[in-house]
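Single-structure report; data block below.
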Amino acid sequence: MAAVADVKQDKLLLLDGNSLAFRAFFALHNSLDRFTNSEGLHTNALYTFSNMLETILAAEQPTHMLVAFDAGKTTFRTQMFDDYKGNRSKTPSELSEQLPYFGEYLDALGIAHYQLVDYEADDIIGTLAKEAQGQMPVTIITGDRDLTQLTTANTTVKVTVKGVNELETYTPAHVQEKLGITPKQIIDMKGLMGDTSDNYPGVTKVGEKTALKLVKEYGSIETLYQHVAEMKKSKLKENLENDHEQAVLSKKLATINTAAPLTISLADIKRQAENQEKLIAFYEAMDFKSKLAKLQISKSTTSADADAAQKINAQELVAADLPQILKSPQPQAFEIDILGDNYHLEMPIGFAIGAADHWYYSQDLSLLTTPEFKAWLANRDHEKYVFDSKKTEVLLTRLGAPIAGMTFDLLLVSYLLNTFDNSNDLGVLAHLHGYQAVQTDLEVYGKGTKRAVPMDPEVLGHHLACKAQAIYRLKTPLLTQLKDNDQDQLYDEIEAPLALVLAQMELNGITVDSQRLQTMRLDFEKRLNDIQALIYEDAGHEFNINSPKQLGTVLFDELKLPVIKKNKTGYSTSVEVLEQLQGDNPIIDRILTYRQISKLQSTYITGLLKVIHPDHKVHTRYLQTLTQTGRLSSVDPNLQNIPVRLPEGRKIRQAFVPSHPDWEIFSSDYSQVELRVLAHVSGDANMQAAFKNKIDIHANTAMKIFHLADPSEVTPDMRRQAKATNFGIVYGISDYGLARNIGISRTQAANFIAAYFEQYPDVERYVKDIVEVARQQGYVETIMHRRRYLPDIHAKNYNLRSFAERTAMNTPIQGSAADIIKVAMINMQQRLAEENLQAKMLLQVHDELIFEAPATEIPILEKLVPSVMDSAVKLDVPLVVDSAHGPTWYDAKG
DNA sequence: TTCATCACG
DNA sequence: ACGTACGTGATGAAA
């Protein structure tokens with residue numbers, strides 16, 4: 001079985017078992033209850049660990065491998081220091097009950113695991129990594145940053161960052177770049193700063209910042225103490241002197257022992273072959289159905305075996321079957337697939353239909369346009385259960401066989417239940433809901449350049465049939481959950497009807513004047529050439545201005561401009577940085593202009609020209625099940641980020657025109673909808689009064705935070721800063737963030753916020769309460785009961801937790817605003833039909849709706865659209881809508 | 001594929 | 001002592 005090792009370069013992979021098991025456990029801490037086997041054993045850590053391991057093995061392909069575990073609570077470190085790891089809370093019983101099974105699992109995979117009395121996993125890893133130096137490259141994977149001290153030219157340490165999916169790779173260079181010290185010096189740093197999680201003290205009042213400074217200056221703790229007497233008198237010096245012993249002890253504790261008395265060596269940890277039987281037994285014992293299924297699928301080499309595993313009663317649909325199937329009054333599941341994402345361009349590759357346990361599939365699209373199938377599709381009394389009603393609607397409309405009566409959409413329901421699992425792959429979602437009898441599209445069609453329709457029509461047919469069956473079988477359980485969550489109205493009255501409205505908007509598209517774009521393209525091309533020549537002159541040579549790397553070299557190495565900010569690949573050359581360099585050198589202004597034009601040219605001129613259809617229109621796709629807040633997003637092309645703020649870019653909008661002569665573009669937008677939602681949900685009387693009395697909300701805020709007595713004292717700049725503060729509140733403010741955004745000191749920002757909360761006390765109460773709500777129930781809700789789960793609200797990691805807290809504040813606001821405009825869109829479409837108007841709703845840009853209409857209908861829209869929008873929902877404050885119109889989108893902006 | 005950058009609300 | 005605004009998508013460069 002050593003054959004594998006012979007053909008491949010040797011490579012050692014060392015895993016920190018305890019640390020990864022902890023990570024794995026807490027990654028799915030929230031769904032603890034969903035992961036238990038038939039005997040009540042929790043399996044979440046095992047499951048996540050298994051997923052991690054699969055990813056890691058695929059990526060690393062080691063020839064030698066070991067997973068190291070801690071042996072017990074006492075080690076040589078606890079002998080040195082009683083309280084080592086003394087404040088660690090007890091391992092949760094739900095995790096410790098899983099630990100014994102890790103070994104069993106690794107055995108089945110043919111991977112070595114090891115623990116050693118009196119030593120920690122770190123020491124085992126350190127010792128083996130040392131043994132491997134000069135023999136083979138080593139990769140260490142852990143959740144514990146302390147192991148980065150083992151980094152060498154031969155040893156890479158990868159540390160889990162976000163949850164378990166992302167790894168940060170530490171090489172000596174990366175350590176140097178991040179901390180400014182060598183890997184070996186990490187123990188000196190730890191010695192000085194101590195470690196709260198391992199509970200050793202370090203030197204009083206010395207944290208990471210100070211520790212790093214000292215290590216950079218002196219090199220090591222030992223040298224530092226040789227020179228401590230020479231330091232000038234300070235609190236720091238005093239603390240260093242007092243805590244000398246502690247520092248030395250802490251350094252010892254932080255040092256990984258690379259000479260542990262192991263009873264194994266490299267030769268013992270070659271990877272062995274998987275033991276399929278053991279693996280199956282393990283998956284069965286743990287109830288890992290999806291992993292079992294995958295094993296079966298990967299085992300079966302012929303399609304016949306795969307079909308047998310799927311156990312579905314499916315057959316190819318022939319015309320003669322149609323009357324029999326379509327006459328049934330029972331609801332049918334209907335699934336139609338394309339290979340890619342763009343259902344406006346691609347043709348379907350096949351479809352499936354059926355109910356209960358009779359399934360039919362076909363690649364013959366002409367069946368769909370037979371009179372009987374068309375009649376069945378168009379009849380809303382024949383209920384259809386689908387996955388992605390918008391896609392289905394667009395595809396069938398394009399085929400000339402419009403569909404009605406889609407009463408269940410698995411994709412939409414799944415998204416409403418949990419925005420986090422927002423895959424568009426039916427198989428993935430079905431698995432998440434515990435339904436295994438269907439493969440993912442990725443598995444059947446492949447990905448990237450290998451993506452293709454399966455050669456065997458039966459394989460495709462069965463996959464389609466399995467998908468239809470999954471839709472059918474998941475309907476009842478998911479609708480029950482929806483009802484339990486009090487989200488059935490959100491689905492029935494908002495998302496389901498909205499999908500059809502969006503389908504019409506997408507199908508309609510918006511006309512683009514490509515002549516206009518071509519003219520702009522030539523103009524931009526000339527200007528880019530001119531500026532480019534000047535920039536080359538300034539730099540003294542040619543280079544790629546679009547390359548941040550090359551640009552950084554020119555500005556900071558060659559022209560010696562001051563470095564303002566760095567990022568992980570080198571110098572930052574972002575707008576913020578360049579603006580601070582303005583005046584230093586004429587090249588800066590030229591680069592800023594070049595950047596601006598080149599952005600417009602690539603993304604909005606050539607980018608847009610590429611996606612114009614033969615009907616002279618662009619047909620975006622609105623993603624209805626993507627965002628975490630309930631907003632839509634727009635792709636292919638994105639029509640929600642067409643330039644508007646700068647005059648130059650704004651002209652792009654002149655290319656968006658009506659599809660008929662004598663028509664106009666009409667646009668209406670909500671004024672400050674998010675702040676109004678905040679006034680509503682917080683119940684703040686002052687903020688509500690401002691909106692009810694039509695007071696300029698930003699000026700109102702300015703008066704308070706600048707302590708002014710009269711509105712006339714508010715300067716435009718004060719208003720600008722107040723506006724930023726209002727936004728800050730909506731985003732889940734911090735003084736630092738506000739300070740950075742409007743360029744004031746952090747203390748001043750803190751004062752603004754304090755004054756803000758004084759003026760709007762119930763807003764302060766709201767932000768506090770909503771975070772508490774998130775902690776208590778694990779999710780937050782919008783006014784229409786849209787949910788966002790926030791598992792990180794309990795995270796130990798400050799960053800993750802803070803982020804969750806900010807989103808807890810922001811999501812109900814942004815999400816409720818999204819709810820409101822969605823209701824408005826549904827009502828709007830309805831009213832346009834009722835009033836027999838030719839006007840078409842074309843676009844939604846979060847708080848605005850864009851239409852095209854005959855010029856004669858503009859006066860009607862000017863009344864109708866705002867009235868529909870401002871009455872979409874009833875809030876405690878009025879909703880205000882502004883409108884504008886003109887011959888192009890550019891002109892339809894107030 | 002990932003990163004940096006920049007367009008929008 | 002931490003490291004910070006919320007939500008998106010497209011592009012070109014570089015790996």
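All values reported here derive from a predicted model rather than from experimental measurement. In what follows, chains carry the letters A, B, and so on, assigned in the order in which the sequence lines appear, proteins first and then strands, with residues in each chain numbered from 1. FYI, side chains are in, hydrogens and waters are out, and symmetry mates aren't considered; it's all heavy atoms of this structure.
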Query - Whole-Å distance separating the OH atom of A:Tyr604 from the C1' atom of C:dG12 - result: 15 Å
Query raised in the report: CD1 of A:Ile652 versus C1' of C:dA10: gap in Å, rounded?
Result: 14 Å
Query raised in the report: Would you say a side-chain N or O of A:Gln550 is under 4.0 Å from OP1 or OP2 of C:dA14?
Result: yes
Query raised in the report: Which is true for A:Leu623 with a 4.0 Å heavy-atom rule: it touches a base, it touches only sugar-phosphate, or it touches nothing?
Result: sugar-phosphate
Report task. Mind calculating the distance between OH (A:Tyr415) and P (C:dG7) to the nearest angstrom? Result -> 12 Å
**Report entry** Short side-chain N/O contact to C:dC6 OP1/OP2 from A:Thr811, under 4.0 Å
**Finding:** no
Query raised in the report: Got a second to check how far A:Arg631's CZ is from A:Thr811's OG1, nearest 0.5 Å?
Result: 11.0 Å
**Report entry** Trace of the side chain to side chain donor-acceptor pair (under 3.5 Å) decision for A:Asp891 with A:Thr888
**Finding:** CA-CA 5 Å; A:Asp891 310 288; A:Thr888 74; 2.6 Å; yes
Requested in this report: Report the C-alpha separation of A:Tyr756 and A:Phe752 in whole Å, then their side-chain angles, then the decisive distance to 0.1 Å, and conclude whether the ring-ring contact (aromatic ring centres under 6.0 Å, His included) test is met.
Outcome: CA-CA 6 Å; A:Tyr756 189 99; A:Phe752 279 14; over 10 Å; no
Query raised in the report: A:Gly607 near the nucleic acid: base, sugar-phosphate alone, or nothing, with a heavy-atom cut-off under 4.0 Å?
Result: sugar-phosphate
Extract from the structure each pairing of a protein N or O with an N or O of nucleotides 2-4 of chain B at less than 3.5 Å, listing the distance.
from, atom 1, to, atom 2, distance (Å)
B:dA4, OP1, A:Thr569, OG1, 3.4

Report task. Under 3.5 Å for both distances, Watson-Crick or G-U wobble, that's the pair rule; now give the dot-bracket for DNA chain C, with | marking pairs to another strand and [ ] for crossing ones. Result -> .....|||||||||.
Query raised in the report: With sugar-phosphate meaning primed atoms plus P, OP1 and OP2, does A:Arg788 contact a base, only sugar-phosphate, or nothing at under 4.0 Å between heavy atoms?
Result: sugar-phosphate
Report task. Please check the phosphate of C:dA5 (OP1 and OP2 only) for any side-chain N or O of A:Asn810 closer than 4.0 Å. Result -> no
Query raised in the report: Between A:Glu648 and A:Lys599, is there a salt bridge with N-O shorter than 4.0 Å?
Result: no
Requested in this report: Figure out the CZ/P separation between A:Arg786 and C:dG7, and round it to whole Å.
Outcome: 15 Å
Query raised in the report: Base, sugar-phosphate, or nothing for A:Asn641, non-hydrogen atoms under 4.0 angstrom?
Result: base
Report task. Would you mind reading off the distance between A:Ile744 atom CD1 and C:dA5 atom C1', rounded to a whole angstrom? Result -> 13 Å
Report task. Would you indicate, yes or no, if B:dA7 has its OP1 or OP2 atom less than 4.0 angstrom from a side-chain nitrogen or oxygen of A:Thr603? Result -> no
Query raised in the report: Rounding to a whole Å, what distance do you find between A:Leu528:CG and C:dT11:C1'?
Result: 14 Å
Query raised in the report: Regarding A:Gln628 and A:Thr419, is there a side-chain donor-to-acceptor distance under 3.5 Å anywhere?
Result: yes
Query - Touch class at under 4.0 angstrom, heavy-atom based, for A:Arg645 against every strand present - result: base
Query raised in the report: Can you check whether A:Arg740 has a side-chain N or O nearer than 4.0 Å to OP1 or OP2 of C:dT4?
Result: no
